[in-house]
Amino acid sequence: MKLIKENGDRMNELLNQLEMRLSDTKVLKQLGISLLQFNGRIVYEEEDRIIECLIYRKGKKEFKARLLVHDENSVRSISSKEMGEDFIQREYLFQILYTIAATFFEYLENDKAKQTFQQCVDFFKSLQEIGEQQKHSFFNQQNITYFNETMDHLLSIIRIAEDSKEKTLWRNGDYLKFDEKYLVKILERLHTCYILSMKLVELPFFEARELIHTQKMKFMTGIEWRWFRWKLYAFWHDRYFYLFTRWKTNPDNYQQMYKKLFNETKERLAFLYSIQETKNDFIIEFTDEKLQLNLTEKDRKEV
């Protein structure tokens, strides 16, 4: 699975240039909005352009969105139904994936249940490092790698979501190209990861201590190991499975699970469809060097 890397300083550089463009009175006048209405933005950085969705208030409670496409020397307002739909679906899929990833890894330092799961992740990392002669018949290299790659991928989603600034949600668009099938595959992988994690904590204590070489395991007692098993089971139920069902353990109706998350996301982000309501497309060219974007920089984060 591919890992998604954060943008760091490059994001800050480009964001400063975007903010200068936005403050240009010609852009605001053409958009028909003021900075007082501005509520946030979603930015997709791609190889040769930046797609920017401006979110603003209209009235006290209503939100609207406008879609801009930036290249090195100009900005265009877009109301194309096809491009608007493509952006909306793209953001929906990212939000769904982020919802899943956040269930496991967001705000880890303040959540004891997630810290329990993080211990499980640490245990699997430890298993990756042990020699072949110590391998368990079930915890072979294939199963261990499967679990670790899945969790590393979810962590990379958290990192790219954190790669934001104030009211800006920044996306590295080159690495965020996936579809419904991809999301369903993530759900399938997590179904298997639950089984793997339960198999691990069901090991007899003495066997687990021989396999897992972490400080936490070194000082754990048999009673604590049994208690850890219950806490891990509770985490999966109360946090992850609860996204889809209140009662079923490790659901496997992946299409229905995906549809549930998609419909909830669609309802929450319904205002994005206002992208397609505007018809006054325009293009503004910039001659000032301060307003020209450096999109040809080669030192980009790679997978």
Side-chain angles (χ1 to χ4, degrees), residues 1-7 11 42-53 67 81-106 114 117 121 124 142-164 169-197 236 239-245 248 250-270 272-273 275 300-303:
M1 302 187 73
K2 64 183 180 179
L3 301 184
I4 301 172
K5 299 296 181 72
E6 57 268 40
N7 291 307
M11 177 197 75
I42 303 170
V43 178
Y44 279 83
E45 178 197 357
E46 298 185 337
E47 186 174 357
D48 58 351
R49 66 179 183 177
I50 288 179
I51 302 174
E52 180 180 27
C53 177
L67 198 61
K81 183 175 182 180
E82 181 179 353
M83 189 167 183
E85 186 69 30
D86 179 72
F87 175 87
I88 291 166
Q89 293 299 313
R90 198 174 181 184
E91 182 61 17
Y92 281 1
L93 291 172
F94 177 82
Q95 291 283 346
I96 292 169
L97 188 51
Y98 178 75
T99 297
I100 295 169
T103 299
F104 294 93
F105 295 113
E106 188 182 47
K114 289 181 183 179
F117 183 76
V121 172
F124 270 90
Q142 181 179 358
N143 285 341
I144 295 168
T145 301
Y146 187 95
F147 184 95
N148 287 336
E149 285 186 349
T150 304
M151 296 306 150
D152 286 345
H153 181 68
L154 294 182
L155 270 170
S156 74
I157 297 299
I158 295 295
R159 293 189 184 109
I160 198 173
E162 289 173 347
D163 198 9
S164 300
L169 302 178
W170 195 276
R171 318 281 192 234
N172 193 327
D174 292 339
Y175 306 133
L176 289 177
K177 296 177 181 177
F178 40 76
D179 54 16
E180 177 180 338
K181 291 181 181 179
Y182 187 83
L183 267 294
V184 170
K185 178 59 75 174
I186 294 292
L187 297 174
E188 291 178 7
R189 291 182 72 98
L190 286 169
H191 178 86
T192 303
C193 284
Y194 167 75
I195 296 172
L196 291 172
S197 68
W236 279 99
R239 301 300 180 88
Y240 179 61
F241 302 153
Y242 196 79
L243 292 175
F244 315 104
T245 175
K248 190 173 181 180
N250 207 16
D252 58 1
N253 51 336
Y254 309 120
Q255 287 291 341
Q256 292 180 34
M257 293 161 68
Y258 166 78
K259 288 296 183 184
K260 184 176 187 297
L261 292 181
F262 182 86
N263 289 337
E264 289 173 354
T265 303
K266 184 177 181 180
E267 181 178 356
R268 180 164 51 89
L269 300 180
L272 286 180
Y273 274 96
I275 287 172
R300 293 165 61 82
K301 295 284 186 179
E302 294 295 335
V303 174

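What's counted below: heavy atoms across the whole structure, side chains too, no hydrogens, waters or symmetry copies. Residues take their numbers from the sequence shown, with the count starting at 1.
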Student: Asn250: which residues meet the side-chain hydrogen bond (donor to acceptor under 3.5 Å, both in side chains) condition with it, sequence neighbours left out?
Tutor: His191
Student: Let's go through Leu97 and His153 carefully: what are the C-alpha distance in whole Å and the side-chain angles of both, what is the deciding distance for side-chain contact (heavy atoms from CB on, under 4.5 Å) to 0.1 Å, and is it a yes or a no?
Tutor: CA-CA 10 Å; Leu97 188 51; His153 181 68; 4.2 Å; yes
Student: Closest heavy-atom contact between Ile144 and Phe124?
Tutor: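 Result for this residue pair: CG2-O, 3.6 Å.
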Student: Give, for atom CZ of Arg189 and atom CD1 of Ile100, the distance between the pair rounded to the nearest 0.5 Å.
Tutor: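 Answer for the CZ-CD1 pair, Arg189 versus Ile100, is 13.0 Å.
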Student: Is it true that Lys81 and Glu85 have a side-chain N and a carboxylate O under 4.0 angstrom from each other?
Tutor: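 The answer is no: the pair does not qualify as a salt bridge.
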Student: So Ile158 and Tyr98, do their side chains get closer than 4.5 Å, heavy atoms only?
Tutor: yes
Student: If you round to the nearest 0.5 Å, how far is CD1 of Ile195 from CG of Leu190?
Tutor: 11.5 Å
Student: Would Tyr258 and Leu93 count as a side-chain contact (heavy atoms from CB on, under 4.5 Å) if you check the C-alpha gap in whole Å, the side-chain angles of each, and the deciding distance to 0.1 Å?
Tutor: CA-CA 10 Å; Tyr258 166 78; Leu93 291 172; 3.5 Å; yes
Student: Could you tell me the separation between the CG atom of Leu169 and the CD atom of Glu91, rounded to the nearest 0.5 Å?
Tutor: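 Going from CG on Leu169 over to CD on Glu91, the span is 7.0 Å.
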Student: Just jot down the salt bridge (charged side-chain N to carboxylate O under 4.0 Å, His left out) partners of Lys259, sequence neighbours excluded, or say none.
Tutor: none
Student: Evaluate side-chain contact (heavy atoms from CB on, under 4.5 Å) for Asp252 paired with Tyr254, printing each intermediate quantity in order.
Tutor: CA-CA 5 Å; Asp252 58 1; Tyr254 309 120; 3.7 Å; yes
Student: Side chains of Val184 and Glu188, heavy atoms from C-beta outward: is any pair under 4.5 Å?
Tutor: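 SC-SC contact between Val184 and Glu188 confirmed.
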Student: Would you mind reporting whether Met151 and Leu154 have side-chain heavy atoms less than 4.5 Å apart?
Tutor: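 In contact.
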Student: Kindly give the heavy-atom pair with the smallest separation between Ile275 and Cys53, and that separation in Å.
Tutor: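 For Ile275 versus Cys53, the nearest heavy atoms are CD1-SG, 4.0 Å.
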Student: With ring-ring contact (aromatic ring centres under 6.0 Å, His included) as the test, pick out the partner of Tyr194 among Phe241, Phe104, Tyr240.
Tutor: Phe241
Student: Considering residues at least two apart in sequence or located in another chain, which fulfil the salt bridge (charged side-chain N to carboxylate O under 4.0 Å, His left out) criterion with Arg268?
Tutor: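 By the salt bridge (charged side-chain N to carboxylate O under 4.0 Å, His left out) rule, Arg268 matches no residue at all.
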Student: Output all residues satisfying ring-ring contact (aromatic ring centres under 6.0 Å, His included) with Tyr92, sequence neighbours left out; order by chain, then residue number.
Tutor: Phe262
Student: What is the distance from atom CD of Glu180 to atom CD1 of Ile96, rounded to the nearest 0.5 Å?
Tutor: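 Atom-to-atom, Glu180:CD and Ile96:CD1 are 8.5 Å apart.
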Student: With sequence neighbours left out, write down each residue that passes ring-ring contact (aromatic ring centres under 6.0 Å, His included) with Phe87, or none if nothing qualifies.
Tutor: Tyr44
Student: Once ring-ring contact (aromatic ring centres under 6.0 Å, His included) is applied, do any residues pair with Tyr273, and if so which ones, sequence neighbours excluded?
Tutor: none
Student: Looking only at non-hydrogen atoms, find the nearest pair between Glu106 and Lys114 and report the distance.
Tutor: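 Minimum heavy-atom contact is O-NZ, 2.8 Å.
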Student: Could you walk me through whether Leu269 and Ile88 satisfy the side-chain contact (heavy atoms from CB on, under 4.5 Å) test, starting with their C-alpha distance in whole Å, then the side-chain angles of each, then the deciding distance to 0.1 Å, before giving a yes or no?
Tutor: CA-CA 9 Å; Leu269 300 180; Ile88 291 166; over 6 Å; no
Student: Decide if atom NZ of Lys266 counts as having more than 12 heavy atoms of other residues, nucleotides or ligands within a radius under 6.0 Å.
Tutor: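 Check fails, neighbour count at 12 or below.
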Student: Check this for me: Lys248, atom NZ, are more than 12 non-hydrogen atoms of other residues, nucleotides or ligands nearer than 6.0 Å?
Tutor: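 Yes, because the 6.0 Å sphere around NZ of Lys248 holds more than 12 heavy atoms from other groups.
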Student: How close do Phe147 and Ser197 get, heavy atom to heavy atom, and via which atoms?
Tutor: CE1-CB, 4.2 Å
Student: If you measure from NZ on Lys181 to CD on Gln255, what distance do you get to the nearest 0.5 Å?
Tutor: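 Nearest 0.5 Å value for the NZ-CD distance: 10.0 Å.
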Student: About how many Å separate CG of Asp86 and CZ of Arg90, when rounded to the nearest 0.5 Å?
Tutor: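 Result: 6.5 Å between the selected atoms.
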